[in-house]
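One structure below.
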Amino acid sequence: MKKDEAKNRIDLLKKEIEKHNNNYYVLNKPSISDFEYDLLINDLAQLEKIFPEFADVNSPTQKVGSDKTKGFEQFKHEYPMLSLGNTYSKEDLEAFFSRTEKTLGFFPEYICELKYDGASISLIYEKGKLTKALTRGDGETGDNVIHNVKTIKTIPHKVESVNLPEKFIMRGEVIMFREVFDRLNSEKIANNEQPFANPRNAAAGTLKTLDSSIVANRELECLLYFLLSENLPSDKHFENLNIAKSWGFNVPRYMKLCKNHSDIFEFINLWDTERHNLKFDTDGIVIKVNSLKLQEELGFTAKSPRWAISYKFQAEQASTKLLSISFQVGRTGIITPVANLQSVLLAGSTIRRATLHNDAQIKILDIRIGDNVIIEKGGEIIPKIVSVDLSKREQSAEVFKFIENCPECGTKLIREEGEAGHFCPNEDCPPQIKGKIEHFVSRKAMNIDGFGEETVDLLYKNGLIKTVADIYNLKKEQLLKLDRFANKSADNIIAGIEKSKEIPFQKVLFALGIRFVGETVAKKLAIRLKNIDALLNCLFDDLVNVDEVGEKIANSIISYFTNPKNLEIVNKLKVAGLKFAEDNNMQNYPPLLQDKSIVVTGSFDKPYDRKKLEELVDNFGGKLVKSVSKLTSFIVAGEKPGPDKIDKAAKLNIKVISRDEFLRMIEIDI
Ligand code: IVH
């Protein structure tokens, strides 16, 4: 590879990996498997090795991804939270053993543990009391999610034992049992919400929820695998874990002390099959040198310890031929490429299609028609292509060129800056129209009973609905002319349509399907602006002042309402009698806390307890934040406020007020 080609590919890989880091650690919505991610990292590491002039300390090969999120107070980890080197083959594992043996001069004792698939957590105990619970963050500092962690029943808030170190840290993994995950996702699907991809994402996402009562309902678990302290009870990892267990910590029993290779491989082979019988997901085995002295001798690389490694179980894969690529158009015009494959058996089902996500993904994998590709079944139902077998590539295989025009309507596609995919800008494109109608009638939006995908398709094909506004002109006689409808089903749908006129403004706003305006944003806009006319006349600067609305959303709203076709739809819906203003009987709150960032700390008696105060901040247009910064407007402090928050407020000269002062501020008589 030429130097400039290598530079381009390095830049491309870095960008791609950063994006996946964000998807995984911040959004908790990974779009590729760990295996695919590791392939990208390996690719980049290889290139950096061959072209050292392009290596840099900030490369994703040198640091761990960050999970830091807004809304939590951040603290530095006393001991950095590192990652682990991954291996996928027994040969790689042998190479790891040889390396350690070479450094130490002998084969050390190892501990094999399961690799729990969740979100890492560092529990800090001082004088036996749990004082902080930090996420990994970027490895150096993490978010304090103690309120959420305290809802996990197996984590002790207080530990008592004679030999307890003054200060110690328990590290482990917050997980969700598969049974709880299935229940949660069924609920989500029933509510028309996006389900979580897998239990790991559900656990990580829940841990970062700002409302601890939601967390408590989700029944998280925590499995612990590491004790850290300046005064450890033993100089062996295994003993320390067993002692921690005797202190009341949830240290799983799936561990083994191994004195030779075969002990280790036995453990691996056992769990490669036994793992399916566990209540939780494990994606591999962690192998650690038992002696802490030897651990110290082996030390660390920039990213991971040299005394431990993980062996990952491979997801089920198959190899097949890519026959062609076709394209699907989504509700917002997003084009998704789909791979048509020579049929192949994978994990018990015949696979003919796989998702390719977008053009960026095709480029990253450099997929060409006719290639032999490796497909994998991840957490999702649709398999994906994870790599190309280059050794089998035909000489004649040409670089794949993404389509330039919409496959449905022929309009020239657009690729917006910063977006990985293409989209069709033509709102009259049939799949977009149908997709918008499907969204409009869905449960979380107008919730019209009996109006599913098939009905939308039928009514659209028969020319009865072209926009969502046409739904309100549908007549029973028109429906009866279609084969699918009988007297009763036609009555039901008409009744459902009529009933939807009672749906509150915030849901109507969500139903319109404005790009990037999800349920929460729609709710914030409705509460703040009260009616559609205020929203229509809102300028960019006012929009970005609404909680949760950033530049991207503000631009999308403006662009929606400057389109005459959309204005016409809104007008027709108004005439039809849909609610385009917040109900008067819904309490009308003046925006007395507009532009204020407010921290609420400590506990308060009912009726104005902490939850209620937080609700009031929101209702009166304020922004609730969890940590104190120079942007904080003031702090409302109750009994036993967070000492760190009060100290920080004093340092930054931020006002601390009582609950009564706060209530007076929003004109509530007490
Ligand atoms: S020990 C210095 N043991 O895997 C890192 N980690 O990929 C020592 N994990 O960040 C980590 N199960 O969140 C260790 N039995 C186990 C584990 C485990 C899951 C996670 C942990 C770590 C990540 C690294």
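Each ligand, and each atom within it, is numbered from 1 in the order the structure gives.
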- If you measure from each non-hydrogen atom of Arg171 to ligand 1, which part falls under 4.0 Å: side chain, backbone, both or neither? neither
- Message: Give me the nearest non-hydrogen protein atom to atom 20 (C) of ligand 1 as residue plus atom name, then the distance to 0.1 Å.
- Response: Glu173 OE1, 3.4 Å
- Task: If you have a sec, work out which protein heavy atom is nearest atom 12 (N) of ligand 1 and how many Å separate them, to one decimal?
- Result: Tyr116 N, 3.0 Å
- Query: Which protein non-hydrogen atom lies closest to atom 15 (N) of ligand 1, naming both residue and atom, and how far is it?
  - Reply: Glu113 OE1, 2.8 Å
- Message: Quick check on contacts: which atoms of ligand 1 are under 4.0 angstrom from a heavy atom of Arg136?
- Response: 10 (O)
- Indicate, as side chain, backbone, both or neither, the part of Leu84 found under 4.0 angstrom from ligand 1 when only non-hydrogen atoms are considered. both
- Query: Which atom pair, heavy atoms only, marks the closest approach of Lys256 to Glu266?
  - Reply: NZ-OE1, 3.5 Å
- Counting only heavy atoms, which portion of Met81 has something under 4.0 Å from ligand 1: side chain, backbone, both, or neither? neither
- Task: Check step by step if ring-ring contact (aromatic ring centres under 6.0 Å, His included) holds for Tyr88 and Phe313.
- Result: CA-CA 7 Å; Tyr88 286 91; Phe313 300 125; over 10 Å; no
- Task: May I ask you to list the atoms of ligand 1 that are less than 4.0 angstrom from any heavy atom of Val286?
- Result: 3 (N), 15 (N), 16 (C), 17 (C)
- Query: Which pair of non-hydrogen atoms, one from Ile287 and one from Cys112, has the smallest distance, and what is that distance?
  - Reply: CG1-SG, 3.9 Å
- Donor-acceptor under 3.5 Å (Ser291 side chain, Lys236 main chain): no
- Item | Lys384/Glu376 salt bridge by N-O under 4.0 Å criterion | no
- Task: Identify the two heavy atoms, one from Arg178 and one from Arg275, that lie closest to each other, and give their separation to 0.1 Å.
- Result: NH2-O, 4.1 Å
- Query: Considering only protein heavy atoms, which is closest to atom 3 (N) of ligand 1, and at what distance to one decimal place?
  - Reply: Lys288 NZ, 2.9 Å
- Item | atom 23 (C) of ligand 1: nearest protein contact (heavy atom, Å) | Lys115 NZ, 3.9 Å
- For Ile364, does its backbone N or O pair with a side-chain atom of Arg9 as donor and acceptor, under 3.5 Å? yes
- Query: Looking at Pro305, which atoms of ligand 1 are within less than 4.0 Å of one of its heavy atoms?
  - Reply: 2 (C)
- Item | Closest protein heavy atom (residue, atom, distance) for atom 5 (C) of ligand 1 | Leu82 O, 3.7 Å
- side-chain hydrogen bond (donor to acceptor under 3.5 Å, both in side chains) between Asn86 and Tyr311, worked out: CA-CA 6 Å; Asn86 287 334; Tyr311 172 84; over 6 Å; no
- Query: What do we get for Leu114 next to ligand 1 when only non-hydrogen atoms under 4.0 Å count, side chain, backbone, both or neither?
  - Reply: backbone
- Task: Quick one: look up the protein heavy atom nearest atom 11 (C) of ligand 1 and list residue, atom name and how far away it is.
- Result: Tyr225 CE1, 4.0 Å
- Between Asn269 (side chain) and Phe265 (backbone), is there a donor-acceptor pair under 3.5 Å? yes
- Message: Heavy-atom contact check, 4.0 Å cutoff: does Ser310 meet ligand 1?
- Response: no
- Under 6.0 Å between ring centres, would you say that holds for Tyr125 and Trp247? no
